[in-house]
Amino acid sequence: MDLYADVDAYLVDALLEPDPALSGALERSAAAGLPPIAVAPNQGKLLQLLTRMCGARRVLEIGTLGGYSTIWLARAAEAVTTLELDPRHADIARANLAAAGLTNVEILVGPALETLPTLTGTFDLAFVDADKANNARYVEQALRLSRPGTVIVIDNTVRQGRVADLALLDDDVVGTRELFALLRADPRVDATTIQTVGSKGHDGFTLALVR
């Protein structure tokens, strides 16, 4: 873990400029007691690059937390709709977005599986980073709100390698396997998963393209 974190720190220093809005968002989130589970800076940059690469104008995010990843996405898109279960987390995210000078984000508060069916239109990119047990159901809704060419990114889908241990049956692992089964069976989508190591440990993400 120390080596992974050291390499991540080196890569961030080598490739990313210091950003007070982003570092401030992490600091305010930590001071408010939010769990330190936001994406790493180089992962946030990846989200931003993917948003730009696919020319995404309208982005859906499932799981706001303190708005750190939201800032990365909103800087590359015209509009972001982000869903957050906890009203307190949403308030912190609003403050972080305001401090970053961003006005193109709508935060919807409540259980995502209740909020998602109320959304209409299509999104060009969706980032899923909420409770893992419901990953498949979140992606089903993202597919409903997609078009050919929509990119869907699902975070934390390797689970420190636990997803490959078929003896493990906890909700997060089972939810991730259900996600893989959905993506493999659904003819609307083409997908792969990449495992990663870094400051967040051994994990990975799933990248899907809607046909």
Can you tell if the side chain of [X] reaches within under 4.5 Å of the side chain of [Y], non-hydrogen atoms only?
X      : Y      : result
Arg144 : Thr122 : no
Val210 : Arg147 : no
Leu73  : Leu125 : yes
Ile107 : Val105 : yes
Thr196 : His202 : no
Leu143 : Ile152 : yes
Val151 : Met53  : no
Leu47  : Ser69  : yes

Checklist entry - Could you walk me through whether Lys200 and Asp203 pass the salt bridge (Lys or Arg N to Asp or Glu O under 4.0 Å) check? => result CA-CA 7 Å; Lys200 301 296 180 179; Asp203 211 332; over 6 Å; no
Inter-residue atom distance [X].[atom1] - [Y].[atom2], 0.5 Å rounding:
X      : Y      : atom1 : atom2 : value
Arg184 : Asp190 : CZ    : CG    : 12.5 Å
Ser199 : Asp6   : OG    : CG    : 10.5 Å
Thr115 : Glu84  : OG1   : CD    : 10.5 Å
Asp171 : Asn135 : CG    : CG    : 12.0 Å
Leu49  : Trp72  : CG    : CH2   : 8.5 Å
Glu114 : Leu108 : CD    : CG    : 12.5 Å

Should [X] and [Y] be regarded as members of a common hydrophobic cluster, given that ILVMFWY residues are connected when their side-chain heavy atoms come within less than 4.5 Å of each other, either directly or indirectly?
X      : Y      : result
Leu116 : Phe127 : no
Leu83  : Ile154 : yes
Leu22  : Leu46  : yes
Val139 : Leu209 : no
Leu113 : Leu179 : yes

Item to check | Derivation and outcome, side chain to side chain contact (heavy atoms under 4.5 Å, CB included), residues Leu169 and Arg177 | outcome: CA-CA 10 Å; Leu169 296 174; Arg177 293 186 188 130; 4.0 Å; yes
Checklist entry - Can Ile92 and Leu34 be said to form a side chain to side chain contact (heavy atoms under 4.5 Å, CB included), step by step? => result CA-CA 9 Å; Ile92 295 163; Leu34 269 63; 3.0 Å; yes
Flag, side chain of [X] to backbone of [Y], donor-acceptor distance under 3.5 Å:
X      : Y      : answer
Asn96  : Tyr68  : no
Asn104 : Glu78  : yes
Asp124 : Arg57  : yes
Gln160 : Arg162 : no
Arg211 : Pro148 : no

Item to check | Lys132/Asn156 under side chain to side chain contact (heavy atoms under 4.5 Å, CB included): CA gap, chis, key distance, verdict | outcome: CA-CA 8 Å; Lys132 312 310 171 187; Asn156 308 125; 3.0 Å; yes
Pair [X] + [Y], salt bridge at N-O below 4.0 Å:
X      : Y      : result
Asp172 : Arg159 : yes
Asp186 : Arg188 : yes
Asp91  : Arg94  : yes

Residue pair [X] / [Y]: nearest heavy atoms and the distance that separates them:
X      : Y      : answer
Pro35  : Leu65  : O-CD2, 3.8 Å
Val189 : Ala208 : CG2-CB, 3.5 Å
Phe180 : Thr193 : CE2-OG1, 3.3 Å
Ala74  : Leu102 : CB-CD1, 3.9 Å
Gly63  : Thr82  : C-OG1, 4.4 Å
Tyr4   : Gly198 : CB-O, 3.2 Å

Next on the checklist: The test is side chain to side chain contact (heavy atoms under 4.5 Å, CB included); show your working for Leu50 and Gln48 and say whether it passes.
Outcome noted: CA-CA 5 Å; Leu50 288 171; Gln48 188 179 83; over 6 Å; no
Checklist entry - If you measure only the distance, is there a donor-acceptor pair under 3.5 Å linking the side chains of Thr81 and Glu61? => result no
Checklist entry - Using a distance-only test with no angle check, is there a side-chain donor-acceptor pair under 3.5 angstrom linking Thr157 and Thr206? => result yes
Next on the checklist: Around atom CG of Asp13, are there more than 12 heavy atoms from other residues, nucleotides or ligands closer than 6.0 Å?
Outcome noted: yes
Checklist entry - Partners of Glu140 by side chain to side chain contact (heavy atoms under 4.5 Å, CB included), sequence neighbours excluded? => result Arg137, Leu182
